[in-house]
**Student:** 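The following block contains the structure, expressed as C-alpha coordinates.
In listed order, ligands and their atoms are each counted from 1.
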Amino acid sequence: MTSSFFAPHKDIIKHTMANADVTLEPKHDILSAGTEVTFLDTGVIKFEPNTACDTSLVISCAVHGNETAPIEIISKIIDDLLAEDQKSGQRVLFILGNPWSMIEADRFVDVNMNRLFCGDWQGYDVSLKEVKRAAKLEAYVANFFAEEPVTVTQRMHYDCHTAIRDSAREKFAVYPYVPNRTLPESQKAFLARADIQTVLLQQKEANTFSSFTSLKYNAESFTLELGKVKPFGQNDLKQFVGIDYALRELIAGEALPAKAKKAVDSFVVCHEIDKTSDAWEFFIEDSAANFAGYPKGFTVWKDGEESYQVENEEEYVVFPNPKVPVGQRAGLMLKKLATD
Ligand SMILES: [Zn+2]
(Lines give C-alpha, C1' and ligand atoms only; values in the text may rest on other atoms or scores of the structure.)
Protein backbone atom coordinates (compact mmCIF):
# COMPACT_ATOMS: atom_id res chain seq x y z
CA MET A 1 0.00 0.00 0.00
CA THR A 2 1.35 3.41 -0.84
CA SER A 3 0.07 6.18 1.27
CA SER A 4 -2.12 8.98 0.03
CA PHE A 5 -0.48 11.37 2.46
CA PHE A 6 1.81 12.93 -0.10
CA ALA A 7 -0.16 12.30 -3.33
CA PRO A 8 0.24 13.39 -6.05
CA HIS A 9 3.86 13.80 -4.92
CA LYS A 10 6.21 10.84 -4.68
CA ASP A 11 7.35 11.44 -1.12
CA ILE A 12 7.57 13.97 1.72
CA ILE A 13 10.55 15.70 0.04
CA LYS A 14 8.61 16.53 -3.14
CA HIS A 15 5.47 17.27 -1.12
CA THR A 16 7.32 19.66 1.20
CA MET A 17 8.93 21.57 -1.66
CA ALA A 18 5.61 21.80 -3.57
CA ASN A 19 3.77 23.06 -0.47
CA ALA A 20 6.35 25.40 1.02
CA ASP A 21 3.96 28.35 0.90
CA VAL A 22 0.67 26.48 1.21
CA THR A 23 -1.31 26.34 4.44
CA LEU A 24 -2.28 22.66 4.67
CA GLU A 25 -5.05 21.22 6.78
CA PRO A 26 -3.83 18.66 9.34
CA LYS A 27 -4.52 15.09 8.16
CA HIS A 28 -5.03 12.00 10.27
CA ASP A 29 -4.96 8.29 9.50
CA ILE A 30 -4.67 4.97 11.31
CA LEU A 31 -2.49 2.25 9.80
CA SER A 32 -3.56 -1.40 9.90
CA ALA A 33 -1.31 -2.13 12.92
CA GLY A 34 -3.05 0.67 14.80
CA THR A 35 -0.34 3.33 14.42
CA GLU A 36 -1.81 6.82 14.34
CA VAL A 37 -0.33 9.09 11.72
CA THR A 38 -0.90 12.82 11.92
CA PHE A 39 0.27 15.19 9.24
CA LEU A 40 0.58 18.50 11.10
CA ASP A 41 2.02 20.93 8.58
CA THR A 42 4.25 21.03 5.52
CA GLY A 43 7.20 18.76 6.34
CA VAL A 44 5.90 17.82 9.81
CA ILE A 45 4.47 14.34 10.46
CA LYS A 46 3.89 12.35 13.63
CA PHE A 47 3.62 8.58 14.22
CA GLU A 48 2.15 7.16 17.41
CA PRO A 49 1.97 3.39 17.98
CA ASN A 50 -1.07 1.99 19.76
CA THR A 51 1.19 -0.06 22.04
CA ALA A 52 2.67 1.33 25.27
CA CYS A 53 5.86 3.18 24.36
CA ASP A 54 8.50 4.73 26.61
CA THR A 55 10.19 7.26 24.31
CA SER A 56 9.26 10.47 22.51
CA LEU A 57 11.57 10.84 19.57
CA VAL A 58 12.04 13.98 17.47
CA ILE A 59 13.93 13.38 14.24
CA SER A 60 14.64 16.51 12.25
CA CYS A 61 16.53 17.38 9.10
CA ALA A 62 16.60 20.20 6.50
CA VAL A 63 17.02 22.92 9.11
CA HIS A 64 19.62 23.67 6.44
CA GLY A 65 17.77 22.72 3.24
CA ASN A 66 20.79 21.82 1.12
CA GLU A 67 21.96 19.13 3.54
CA THR A 68 20.18 16.46 1.57
CA ALA A 69 21.51 13.04 2.61
CA PRO A 70 19.69 12.95 5.96
CA ILE A 71 16.55 14.31 4.26
CA GLU A 72 16.63 11.39 1.82
CA ILE A 73 17.19 8.87 4.63
CA ILE A 74 14.37 10.28 6.76
CA SER A 75 11.99 10.45 3.79
CA LYS A 76 12.60 6.73 3.18
CA ILE A 77 11.99 5.90 6.85
CA ILE A 78 8.67 7.81 6.67
CA ASP A 79 7.72 5.91 3.48
CA ASP A 80 8.53 2.61 5.19
CA LEU A 81 6.52 3.54 8.29
CA LEU A 82 3.51 4.46 6.13
CA ALA A 83 3.89 1.22 4.16
CA GLU A 84 4.32 -0.63 7.50
CA ASP A 85 7.63 -2.06 6.31
CA GLN A 86 9.25 -0.30 9.30
CA LYS A 87 7.96 -1.20 12.75
CA SER A 88 6.43 1.68 14.68
CA GLY A 89 7.35 1.10 18.32
CA GLN A 90 7.88 4.62 19.69
CA ARG A 91 6.15 7.92 19.11
CA VAL A 92 8.09 9.95 16.58
CA LEU A 93 7.80 13.51 15.30
CA PHE A 94 9.58 13.98 11.96
CA ILE A 95 10.45 17.49 10.84
CA LEU A 96 11.82 18.76 7.54
CA GLY A 97 12.81 22.16 8.86
CA ASN A 98 13.26 24.63 6.04
CA PRO A 99 11.22 24.00 2.84
CA TRP A 100 12.37 27.23 1.14
CA SER A 101 16.05 26.45 1.50
CA MET A 102 15.34 22.91 0.18
CA ILE A 103 13.90 24.56 -2.95
CA GLU A 104 16.80 27.01 -3.24
CA ALA A 105 19.31 24.20 -2.54
CA ASP A 106 20.98 26.53 -0.10
CA ARG A 107 21.82 26.54 3.60
CA PHE A 108 19.16 29.17 4.26
CA VAL A 109 17.18 31.86 2.44
CA ASP A 110 17.08 34.90 4.79
CA VAL A 111 18.45 33.75 8.13
CA ASN A 112 20.26 30.69 9.49
CA MET A 113 17.41 28.81 11.17
CA ASN A 114 19.74 26.99 13.52
CA ARG A 115 20.33 30.28 15.39
CA LEU A 116 16.64 31.01 15.91
CA PHE A 117 15.60 28.53 18.59
CA CYS A 118 15.09 28.90 22.34
CA GLY A 119 12.80 31.78 21.42
CA ASP A 120 15.58 33.75 19.74
CA TRP A 121 13.35 34.05 16.64
CA GLN A 122 11.58 36.80 18.61
CA GLY A 123 14.57 39.07 18.02
CA TYR A 124 14.11 38.89 14.24
CA ASP A 125 11.66 40.24 11.67
CA VAL A 126 8.76 37.82 12.16
CA SER A 127 7.53 38.37 8.60
CA LEU A 128 10.55 36.35 7.39
CA LYS A 129 9.54 32.80 6.46
CA GLU A 130 12.33 31.10 8.39
CA VAL A 131 11.61 33.15 11.51
CA LYS A 132 7.92 32.21 11.37
CA ARG A 133 8.83 28.60 10.73
CA ALA A 134 11.18 28.40 13.73
CA ALA A 135 8.35 29.70 15.95
CA LYS A 136 5.98 27.06 14.55
CA LEU A 137 8.51 24.25 14.94
CA GLU A 138 8.99 25.18 18.59
CA ALA A 139 5.20 24.95 19.05
CA TYR A 140 4.93 21.54 17.31
CA VAL A 141 7.72 20.15 19.49
CA ALA A 142 6.15 21.62 22.65
CA ASN A 143 2.79 20.01 21.80
CA PHE A 144 4.42 16.70 20.91
CA PHE A 145 6.02 16.49 24.35
CA ALA A 146 2.92 17.85 26.13
CA GLU A 147 0.73 15.12 24.59
CA GLU A 148 2.93 12.26 25.82
CA PRO A 149 1.20 9.23 27.29
CA VAL A 150 2.17 8.47 30.92
CA THR A 151 4.27 5.49 29.79
CA VAL A 152 6.86 7.81 28.23
CA THR A 153 9.95 8.21 30.40
CA GLN A 154 12.52 9.60 27.97
CA ARG A 155 12.81 12.18 25.22
CA MET A 156 15.35 12.21 22.44
CA HIS A 157 16.02 14.53 19.53
CA TYR A 158 18.41 13.92 16.65
CA ASP A 159 18.81 16.95 14.37
CA CYS A 160 20.53 15.64 11.26
CA HIS A 161 22.91 17.75 9.18
CA THR A 162 25.78 17.43 6.73
CA ALA A 163 28.75 19.81 6.66
CA ILE A 164 30.10 22.12 3.94
CA ARG A 165 33.67 21.61 5.04
CA ASP A 166 35.71 18.40 4.95
CA SER A 167 36.23 16.82 8.31
CA ALA A 168 39.19 14.84 9.60
CA ARG A 169 36.52 13.00 11.59
CA GLU A 170 33.84 12.45 8.97
CA LYS A 171 30.87 12.20 11.29
CA PHE A 172 30.49 14.01 14.57
CA ALA A 173 27.83 14.94 17.08
CA VAL A 174 27.36 18.14 19.03
CA TYR A 175 25.89 17.61 22.52
CA PRO A 176 24.19 20.83 23.67
CA TYR A 177 25.07 22.31 27.03
CA VAL A 178 22.55 21.86 29.81
CA PRO A 179 23.75 22.72 33.32
CA ASN A 180 24.73 19.74 35.48
CA ARG A 181 24.37 16.90 33.04
CA THR A 182 26.76 14.46 31.44
CA LEU A 183 26.50 12.41 28.28
CA PRO A 184 24.88 9.06 29.17
CA GLU A 185 26.60 5.82 28.11
CA SER A 186 23.42 4.73 26.31
CA GLN A 187 23.59 7.80 24.05
CA LYS A 188 27.27 7.14 23.38
CA ALA A 189 26.15 3.68 22.35
CA PHE A 190 23.61 5.22 19.96
CA LEU A 191 26.33 7.40 18.42
CA ALA A 192 28.67 4.42 18.02
CA ARG A 193 25.80 2.43 16.45
CA ALA A 194 25.34 5.32 13.99
CA ASP A 195 29.09 5.22 13.12
CA ILE A 196 29.61 8.55 14.91
CA GLN A 197 32.76 8.26 17.00
CA THR A 198 33.30 11.91 17.82
CA VAL A 199 31.26 14.14 20.09
CA LEU A 200 31.77 17.80 20.87
CA LEU A 201 30.46 18.58 24.35
CA GLN A 202 29.26 22.18 24.40
CA GLN A 203 29.96 24.19 27.53
CA LYS A 204 27.61 27.11 26.90
CA GLU A 205 23.90 27.40 26.22
CA ALA A 206 23.16 27.89 22.52
CA ASN A 207 20.14 28.63 20.31
CA THR A 208 20.23 25.62 18.00
CA PHE A 209 17.27 23.30 17.49
CA SER A 210 18.93 20.60 19.60
CA SER A 211 19.71 23.11 22.36
CA PHE A 212 16.03 24.04 22.41
CA THR A 213 14.77 20.49 22.98
CA SER A 214 17.43 19.72 25.57
CA LEU A 215 17.24 22.99 27.52
CA LYS A 216 13.45 23.42 27.46
CA TYR A 217 12.28 19.80 27.44
CA ASN A 218 15.13 17.87 28.99
CA ALA A 219 15.57 15.71 25.88
CA GLU A 220 18.78 13.88 25.09
CA SER A 221 19.44 15.90 21.94
CA PHE A 222 22.23 16.09 19.41
CA THR A 223 23.13 17.98 16.29
CA LEU A 224 24.53 15.25 14.06
CA GLU A 225 27.00 16.12 11.29
CA LEU A 226 26.84 13.07 9.10
CA GLY A 227 29.08 13.79 6.11
CA LYS A 228 29.40 16.21 3.21
CA VAL A 229 26.77 18.41 1.57
CA LYS A 230 25.61 17.10 -1.84
CA PRO A 231 22.56 17.91 -4.02
CA PHE A 232 19.44 15.68 -3.91
CA GLY A 233 20.04 12.39 -5.72
CA GLN A 234 23.85 12.65 -5.58
CA ASN A 235 24.39 11.20 -2.13
CA ASP A 236 26.08 7.87 -1.67
CA LEU A 237 23.58 6.62 0.90
CA LYS A 238 25.89 3.70 1.75
CA GLN A 239 27.89 6.21 3.77
CA PHE A 240 24.84 6.82 5.94
CA VAL A 241 23.75 3.26 6.76
CA GLY A 242 24.86 3.65 10.38
CA ILE A 243 22.49 6.50 11.20
CA ASP A 244 19.71 4.92 9.11
CA TYR A 245 20.00 1.67 11.05
CA ALA A 246 20.38 3.33 14.45
CA LEU A 247 17.27 5.51 13.93
CA ARG A 248 15.23 2.57 12.63
CA GLU A 249 16.12 0.48 15.69
CA LEU A 250 15.02 3.26 18.02
CA ILE A 251 11.77 3.84 16.10
CA ALA A 252 11.04 0.10 16.22
CA GLY A 253 11.26 0.32 20.00
CA GLU A 254 14.54 -1.49 20.60
CA ALA A 255 16.36 -0.33 23.70
CA LEU A 256 19.71 1.40 23.35
CA PRO A 257 22.65 -0.80 24.30
CA ALA A 258 24.10 0.00 27.72
CA LYS A 259 27.62 0.40 26.41
CA ALA A 260 29.12 1.66 23.14
CA LYS A 261 30.62 -1.09 20.97
CA LYS A 262 33.16 1.34 19.49
CA ALA A 263 35.12 4.16 21.10
CA VAL A 264 33.42 7.57 21.06
CA ASP A 265 35.93 10.37 21.60
CA SER A 266 34.78 13.47 23.47
CA PHE A 267 36.07 16.96 22.74
CA VAL A 268 35.56 20.25 24.56
CA VAL A 269 36.24 23.82 23.50
CA CYS A 270 39.50 25.16 24.92
CA HIS A 271 39.57 28.45 22.99
CA GLU A 272 37.04 30.56 21.09
CA ILE A 273 38.62 32.31 18.13
CA ASP A 274 37.28 35.86 17.82
CA LYS A 275 38.07 38.16 14.93
CA THR A 276 39.12 41.18 16.98
CA SER A 277 40.01 43.82 14.34
CA ASP A 278 40.84 44.41 10.68
CA ALA A 279 44.50 43.81 11.54
CA TRP A 280 43.66 40.34 12.91
CA GLU A 281 45.67 37.57 11.23
CA PHE A 282 44.65 33.92 11.06
CA PHE A 283 47.19 31.14 10.53
CA ILE A 284 44.90 28.20 9.88
CA GLU A 285 44.65 27.59 6.15
CA ASP A 286 41.30 28.15 4.40
CA SER A 287 41.12 24.51 3.36
CA ALA A 288 41.56 23.18 6.91
CA ALA A 289 39.21 20.31 7.68
CA ASN A 290 37.09 20.26 10.82
CA PHE A 291 39.06 18.43 13.55
CA ALA A 292 42.41 19.12 11.83
CA GLY A 293 45.03 18.95 14.59
CA TYR A 294 47.67 21.56 15.51
CA PRO A 295 50.65 20.96 17.81
CA LYS A 296 51.46 22.75 21.07
CA GLY A 297 52.89 26.22 20.36
CA PHE A 298 51.26 26.66 16.93
CA THR A 299 50.07 30.27 16.49
CA VAL A 300 46.38 30.24 15.59
CA TRP A 301 45.83 34.00 15.33
CA LYS A 302 47.60 37.25 16.02
CA ASP A 303 46.32 40.81 16.39
CA GLY A 304 49.07 43.30 17.24
CA GLU A 305 50.44 42.25 20.63
CA GLU A 306 47.69 39.70 21.20
CA SER A 307 47.86 36.14 19.92
CA TYR A 308 46.84 32.59 20.70
CA GLN A 309 49.18 29.61 20.69
CA VAL A 310 48.02 26.02 21.06
CA GLU A 311 48.35 25.27 24.78
CA ASN A 312 47.60 21.56 24.91
CA GLU A 313 49.69 18.75 23.38
CA GLU A 314 47.36 18.93 20.37
CA GLU A 315 44.31 21.06 19.65
CA TYR A 316 41.75 20.69 16.89
CA VAL A 317 39.93 23.37 14.90
CA VAL A 318 36.22 23.29 14.06
CA PHE A 319 34.11 25.66 11.97
CA PRO A 320 37.05 27.93 10.99
CA ASN A 321 35.83 30.96 9.07
CA PRO A 322 38.19 33.97 9.02
CA LYS A 323 35.79 35.82 6.66
CA VAL A 324 33.32 36.67 9.44
CA PRO A 325 32.85 40.39 10.27
CA VAL A 326 35.08 41.91 12.96
CA GLY A 327 33.68 41.11 16.39
CA GLN A 328 32.34 37.69 15.43
CA ARG A 329 33.51 34.17 16.15
CA ALA A 330 35.90 32.78 13.55
CA GLY A 331 36.10 29.21 14.84
CA LEU A 332 36.74 27.04 17.87
CA MET A 333 39.80 25.20 19.16
CA LEU A 334 39.08 21.91 20.88
CA LYS A 335 40.94 19.55 23.10
CA LYS A 336 40.29 15.85 23.31
CA LEU A 337 39.21 14.49 26.68
CA ALA A 338 41.00 11.44 28.01
CA THR A 339 39.10 8.31 26.99
CA ASP A 340 37.73 6.18 29.77
ZN1 LIG B 1 23.50 22.09 8.87
**Student:** Hey, what's the ring geometry for F39 with F6, parallel, tilted or perpendicular (30° and 60° as the breaks)?
**Tutor:**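 Ring orientation, 0 to 90° scale: perpendicular.
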**Student:** Among protein atoms, how many N/O/S atoms lie less than 2.8 Å from the Zn ion (ligand 1)?
**Tutor:**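 For the Zn ion (ligand 1), protein nitrogen, oxygen or sulfur atoms under 2.8 Å: 4.
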**Student:** Which residue is it: F209, Y217, Y124? I am looking for the one with a ring pair (Phe, Tyr, Trp, His ring centres under 6.0 Å) to F117.
**Tutor:**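 Only match with F117 under ring pair (Phe, Tyr, Trp, His ring centres under 6.0 Å): F209.
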**Student:** Just jot down the ring-ring contact (aromatic ring centres under 6.0 Å, His included) partners of F144, sequence neighbours excluded, or say none.
**Tutor:**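 Here no residue qualifies.
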**Student:** Taking the inter-plane angle between the rings of F282 and W280 on a 0 to 90° scale, is it parallel (under 30°), tilted (30 to 60°) or perpendicular (over 60°)?
**Tutor:**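 Correct class here is parallel.
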**Student:** Take the angle between the ring planes of F172 and F319 and call it parallel below 30°, perpendicular above 60°, tilted in between.
**Tutor:**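 Rings of F172 and F319: tilted, as their planes differ by 30° to 60°.
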**Student:** Evaluate the ring planes of W301 and H271, with Trp represented by its six-membered ring, and classify them as parallel (under 30°), tilted (30 to 60°) or perpendicular (over 60°).
**Tutor:**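 It falls in the parallel class, under 30°.
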